[in-house]
> 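Input: one structure, supplied below.
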Amino acid sequence: MKHHIIITGGAGFIGSHVVRLFVNKYPDYEIICLDKLTYAGNLENLKDVESAPNYKFVKADICDLDTILAVMRQHTVDGIIHLAAESHVDRSIRDPFTFARTNVLGTLSLLQAAKTNWESLPERYEGKRFYHISTDEVYGALQNDGTLFTEQTKYQPHSPYSASKASSDHFVRAFHDTYGMPTIVTNCSNNYGPYQFPEKLIPLFINNIRHRKPLPVYGKGENVRDWLYVVDHARAIDTIYHHGIIAETYNIGGFNEWRNIDIIHVLIRTVDRLLGRPEGADLDLITYVTDRQGHDLRYAIDSTKLKNELGWEPSLQFEEGIEKTVKWYLDNQEWMDRVTSGDYQRYYDEMYKDR
């Protein structure tokens, strides 16, 4: 094999798309999908590649330093693409300790395992790469004034989730500055697309519209987010892993800002049309609820550096991406039912209980 790459969180939403892309595009790579299989990790997301000769799955906790080190040595790993994270802001508000453990200590465990393993080799860091995927939320919030987050924007996290990701980013950069580890950090905007766990806005609302359930909207729905189709994010990760400059930061965004309430109207129109319902039939499902604590007004990413230096830009317009996304969820109701019921988690817990 030409490269041996661990993709952490590979059974999750974004991770599964990255695993699929690398397994299919690089048959001479060994791709090790490493995932703890928490509620958001689902091996059903990777059914189409699980039999590929260059794909391996390892059930492991990124906080388990000894296990991570053993996996790295067993598979002679020379690359880590680190996506594993707790990522839901509402959960972080209720339970910040879990986010600190996974996002901070888990990242530190991966860094230490990579350092220990790679520094023991004759070539040390030559040909190695530690790629850490972060979020635009570490930058704080923007006003509705047209400004964008750039790679030079100072960190100002406002939630336990974004604070934990900001801390992990700092550890990654510190391992480069202190030990010379070849690291890269990217900060991405909101992703959408197939296989997203339905606690997030778009899959949750598609499912609720289908079943005529309330659509809870924080505040007045005026918060703005920049949306990127997940396959385009996977493409960006591929480009940056292979061509990005060590110790650099790259912002990944869709140049695609939407207010939450406008996204919801698009979803209602699209789901109603695809289900053959009258236009606007489900507008009455919109229910305004108390705003989230510390709810940032606006996020928006400037991806100019990534476009100019590495040639990446989004391939899909939002209208095309949302159409593909809604169709996927409507066509995969069995997947949605198993995810929302937790059946898949009980199945894999039983399968791996003795491993």
Side-chain angles (χ1 to χ4, degrees), residues 8-9 11-15 35-42 45 61-64 82-109 133-141 155-171 187-192 195-208 211 213-225 227 260-261 263-264 285-299 336 338-346 348-349:
T8 71
F13 167 47
I14 299 172
D35 202 294
K36 187 181 177 182
L37 296 182
T38 61
Y39 75 95
N42 184 355
N45 299 350
D61 184 345
I62 59 172
C63 294
D64 185 345
H82 176 34
L83 291 122
E86 295 283 349
S87 65
H88 192 50
V89 174
D90 288 349
R91 289 179 184 261
S92 80
I93 293 170
R94 295 192 298 268
D95 180 16
F97 285 94
T98 294
F99 282 68
R101 179 183 182 275
T102 299
N103 297 352
V104 183
L105 295 181
T107 300
L108 182 56
S109 293
I133 285 83
S134 189
T135 172
D136 57 358
E137 297 191 37
V138 298
Y139 295 126
Y155 274 32
Q156 196 173 3
H158 293 153
S159 71
Y161 162 59
S162 56
S164 69
K165 291 298 289 184
S167 178
S168 67
D169 295 2
H170 292 320
F171 269 110
N187 301 84
C188 191
S189 59
N190 281 29
N191 281 213
Y192 70 99
Y195 299 109
Q196 188 170 28
F197 190 80
E199 66 184 355
K200 298 299 178 77
L201 187 150
I202 287 179
L204 172 66
F205 278 33
I206 292 171
N207 198 45
N208 283 11
H211 295 289
K213 294 181 179 180
L215 307 177
V217 181
Y218 283 128
K220 297 179 181 179
E222 295 178 345
N223 302 78
V224 176
R225 299 293 182 260
W227 292 90
N260 286 347
I261 191 62
I263 283 273
I264 292 162
L285 298 178
I286 295 175
T287 304
Y288 293 95
V289 299
T290 303
D291 204 359
R292 169 193 285 163
Q293 293 173 290
H295 200 179
D296 291 335
L297 176 63
R298 174 175 168 259
Y299 305 142
M336 179 67 79
R338 283 174 60 79
V339 167
T340 53
S341 70
D343 285 348
Y344 75 98
Q345 192 169 11
R346 288 186 285 273
Y348 289 116
D349 284 347

> Consider only side-chain N and O atoms of Ser162 and Ser159, and report whether a donor and an acceptor are under 3.5 Å apart.
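There is such a pair (donor and acceptor under 3.5 Å, judged by atom type) between the side chains of Ser162 and Ser159.
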
> Say whether Asp169 and Ser134, considering side chains only, have a donor N or O and an acceptor N or O under 3.5 Å apart.
yes

> Do any N or O atoms from the side chain of Ser164 and from the backbone of Asn103 form a donor-acceptor pair under 3.5 angstrom?
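No: the side chain of Ser164 does not pair with the backbone of Asn103.
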
> Among Asn42, Asn45, Ile14, Val339, which residue satisfies the side chain to side chain contact (heavy atoms under 4.5 Å, CB included) criterion with Tyr195?
Asn45

> Find out whether Thr102 and Ile62 are in side-chain contact, i.e. whether some heavy atom of one side chain is under 4.5 Å from a heavy atom of the other.
yes

> Is there a side chain to side chain contact (heavy atoms under 4.5 Å, CB included) between Thr287 and Leu215 once you walk through the steps?
CA-CA 6 Å; Thr287 304; Leu215 307 177; 5.9 Å; no

> May I ask you to test the Leu285-Phe205 pair for a side-chain heavy-atom distance under 4.5 Å?
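Answer no - side chains too far apart.
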
> Can you confirm whether Val89 sits close enough to Glu137 that some side-chain heavy atom of one is under 4.5 Å from a side-chain heavy atom of the other?
yes

> Does the side chain of Ser87 come under 3.5 Å of the side chain of Lys200 through a donor N or O and an acceptor N or O?
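Side-chain D/A pair, Ser87 to Lys200: present.
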
> Within a strict 4.5 Å, meaning less than it, do heavy atoms of the Thr135 and Tyr161 side chains meet?
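A side-chain contact under 4.5 Å exists here.
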
> Would you kindly say whether Asp296 and Tyr139 are connected by a side-chain donor-acceptor distance under 3.5 Å?
no

> Heavy-atom count around Tyr155 OH within 6.0 Å, excluding the residue itself: above 12?
yes

